Amino acid sequence: VINLLTVGMDMSSLFPSMTSCANLSPDDVVLKKQLYLYLTHYAASTPDLALLTINQLHKDCVDQDPTIRGLALRALCSLRVPNFL
C-alpha cells in the first residue's frame, strides 16, 4: 500500500482497513511506522475517519517502547485536520 501511495495512486479507499490494522500486531514497529505514514497522508482527505485513529494514537503514546511512543506522537502532531486543532 505504501509503495502504491508513493507512486501517486489514490489509496484512500483503504483507510478503514488500515486503521483496523493497527490492532493486529501491537509490537510491530515497521507496521506502525508504515501505518502512521499512511494515516498522516490521508487524514486531511478523510477527516471523519481520521477521528477514529485518535484513540489508537493516544494508546500508542503511552506504549512501553519509546520508538512506538515517538512515532505515535509524531503522527498525532502531523495530522492536518482542522477539526482536531
Side-chain angles (χ1 to χ4, degrees):
V1 173
I2 301 300
N3 188 23
L4 296 175
L5 182 137
T6 57
V7 173
M9 293 184 71
D10 182 27
M11 304 305 287
S12 61
S13 62
L14 297 175
F15 201 91
S17 301
M18 293 295 283
T19 55
S20 65
C21 169
N23 297 325
L24 294 178
S25 180
D27 297 330
D28 190 359
V29 177
V30 175
L31 177 69
K32 292 221 182 248
K33 186 182 284 190
Q34 292 175 354
L35 176 67
Y36 295 158
L37 174 67
Y38 178 88
L39 293 177
T40 55
H41 188 344
Y42 284 114
S45 62
T46 55
D48 295 335
L49 293 176
L51 184 60
L52 300 174
T53 63
I54 297 296
N55 190 28
Q56 182 64 39
L57 288 171
H58 277 287
K59 287 180 187 176
D60 288 346
C61 280
V62 293
D63 194 85
Q64 291 181 348
D65 186 1
T67 306
I68 292 178
R69 282 196 314 260
L71 290 171
L73 184 60
R74 181 173 62 177
L76 192 59
C77 293
S78 298
L79 294 177
R80 290 180 232 117
V81 179
N83 296 341
F84 294 165
L85 301 176

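All of these numbers come straight from a predicted model, not from anything done at the bench.
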Out of curiosity, Y36 OH to Q56 CD, how far, rounded to the nearest 0.5 Å? 6.0 Å
I need the D60 CG to H58 NE2 distance, nearest 0.5 Å. 11.0 Å
At what distance, to the nearest 0.5 angstrom, does CG of D28 lie from NZ of K33? 11.0 Å
Provide the closest heavy-atom pair for L39 versus L79 in the form atom of the first, atom of the second, distance. O-CD2, 4.0 Å
Side-chain donor-acceptor distances from residues 65-78 under 3.5 Å, at least two apart:
from: D65; atom 1: OD1; to: T67; atom 2: N; distance (Å): 3.2
from: R69; atom 1: NH1; to: D63; atom 2: O; distance (Å): 2.9
from: R69; atom 1: NH1; to: Q64; atom 2: O; distance (Å): 3.2
from: S78; atom 1: OG; to: R74; atom 2: O; distance (Å): 2.7

Drop me the distance from K32's NZ to L57's CG, to the nearest 0.5 angstrom. 8.5 Å
